[in-house]
Novice: 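Sharing a structure here in structure tokens format.
What you see below is based on every heavy atom in this structure, not just the backbone, and it leaves out hydrogens, waters and symmetry mates.
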Amino acid sequence: MATPGRIELDKLSVEQLKGLKEQTDLEVNLLQDSLNKIRTAATRLESASAALQDLSLRPHGKKMLVPLTASLYVPGSLDDAEKVLVDVGTGYFIEKTMAQGKEYCERKINLLKSNFDELVEVATKKKAIADEMGLLLQAKLRQASPGPSS
């Protein structure tokens, strides 16, 4: 007896199975893209956290290059290392103390890692389902096509 919400794959036609396999493969690809984006965001936050640590060790008045864009830097000097601007998304910045900035980065990194772990679990299950459908589809196609006669 089938459990509610579960599709009995062996009862599907070849066309239905092909459609379901394509849909599942698409979902697996979307999950992989999401995993890559989460990994990239976590790496950026870890880099920001390391930059905050480095900044906290620099003396007042220290000369440095300040990034305006990814490829444009201007000369500047460190005025107050105890206050930082934290990018909270969509162009919004919040002034925080150095400790609060570090704590914000760590909290976001932990959230991303938690989401990453959950997505890995879902992607693994979807991939297993897609693989099972692929094997079943191959078996049905072999069964449908007549084999060479001996």
Novice: If Ile, Leu, Val, Met, Phe, Trp and Tyr residues are connected whenever their side-chain heavy atoms lie under 4.5 Å apart, and connections chain through other members, are V14 and L136 in the same group?
Specialist: yes
Novice: So, do P59 and K62 sit near enough that their side-chain heavy atoms are less than 4.5 Å apart?
Specialist: yes
Novice: Same cluster or not: are I94 and Y92 linked, directly or through other Ile, Leu, Val, Met, Phe, Trp or Tyr residues, by side-chain heavy atoms under 4.5 angstrom apart?
Specialist: yes
Novice: Can you tell me how far the SG atom of C105 sits from the CD atom of Q53, to the nearest 0.5 Å?
Specialist: 11.5 Å
Novice: Using side-chain hydrogen bond (donor to acceptor under 3.5 Å, both in side chains) as the criterion, list what pairs up with S71, not counting sequence neighbours.
Specialist: none
Novice: From L85 CG over to F93 CZ, what is the distance, rounded to the nearest 0.5 angstrom?
Specialist: 7.0 Å
Novice: Using the rule that Ile, Leu, Val, Met, Phe, Trp and Tyr join whenever any side-chain heavy atoms are under 4.5 Å apart, tell me whether L30 and I129 fall into a single cluster.
Specialist: no
Novice: Using the side-chain hydrogen bond (donor to acceptor under 3.5 Å, both in side chains) criterion, which residues pair with D131? Sequence neighbours excluded.
Specialist: K127
Novice: How long is the straight-line distance from CG of L78 back to CE of M64, given to the nearest 0.5 Å?
Specialist: 4.5 Å
Novice: Can we say E22 and K18 salt-bridge, meaning some charged N sits less than 4.0 Å from an Asp/Glu carboxylate O?
Specialist: no
Novice: Taking atom NZ of K108 as the centre, does the number of heavy atoms from other residues, nucleotides or ligands within less than 6.0 Å exceed 12?
Specialist: no
Novice: With K126, which residues qualify under salt bridge (charged side-chain N to carboxylate O under 4.0 Å, His left out), at least two apart?
Specialist: E27
Novice: Say whether, by atom type as modelled, one donor and one acceptor occur between the side chain of T24 and the main chain of L20 under 3.5 angstrom.
Specialist: yes
Novice: Is any NZ, NE, NH1 or NH2 atom of the basic residue among K113 and E46 found under 4.0 Å from an Asp or Glu carboxylate oxygen of the other?
Specialist: yes
Novice: Test of understanding: with side-chain contact (heavy atoms from CB on, under 4.5 Å), list the residues that count as partners of L119, not counting sequence neighbours.
Specialist: L31, S34, L35, I38
Novice: Is there a side-chain contact between L45 and L112 in this structure, where contact means two heavy atoms from C-beta onward sitting under 4.5 Å apart?
Specialist: yes
Novice: Going by the salt bridge (Lys or Arg N to Asp or Glu O under 4.0 Å) test, which pairs reach into residues 70-84, not counting sequence neighbours?
Specialist: none
Novice: Flag the pair P67 / L72 as yes when at least one side-chain heavy-atom distance between them is below 4.5 Å, and no otherwise.
Specialist: no
Novice: Applying side-chain hydrogen bond (donor to acceptor under 3.5 Å, both in side chains), name anything that partners D87, two or more places apart in sequence or on another chain.
Specialist: none
Novice: Between Q16 (side chain only) and S13 (backbone N and O only), is there a donor and an acceptor less than 3.5 Å apart?
Specialist: yes
Novice: Are V120 and V122 grouped together when hydrophobic residues (ILVMFWY) are joined by side-chain heavy atoms under 4.5 angstrom apart?
Specialist: yes
Novice: Can R58 and D54 be counted as an ion pair, charged N to O under 4.0 angstrom?
Specialist: yes
Novice: Does K102 pair with E106 as a salt bridge, N-O distance under 4.0 Å?
Specialist: no
Novice: Treat each ILVMFWY residue as a node, draw an edge where side-chain heavy atoms are under 4.5 Å apart, and state whether L141 and L17 are in one component.
Specialist: yes
Novice: Between Y104 and V88, does a side chain to side chain contact (heavy atoms under 4.5 Å, CB included) hold up when you go through it step by step?
Specialist: CA-CA 10 Å; Y104 175 84; V88 293; 3.7 Å; yes
Novice: Check whether any side-chain N or O of Q100 sits under 3.5 Å from a backbone N or O of T97 as a donor-acceptor pair, and report yes or no.
Specialist: yes
Novice: Quick one: pull up OG1 in T40 and CZ in R44 and give me the separation to the nearest 0.5 Å.
Specialist: 8.0 Å
Novice: Search all heavy atoms of Q32 against all heavy atoms of A123 and return the closest pair with its distance.
Specialist: NE2-CB, 4.3 Å
Novice: Checking R39 against N36: is there a side-chain donor and acceptor pair closer than 3.5 Å?
Specialist: yes
Novice: Which value, rounded to the nearest 0.5 Å, describes the distance between L55 atom CG and M98 atom CE?
Specialist: 4.5 Å
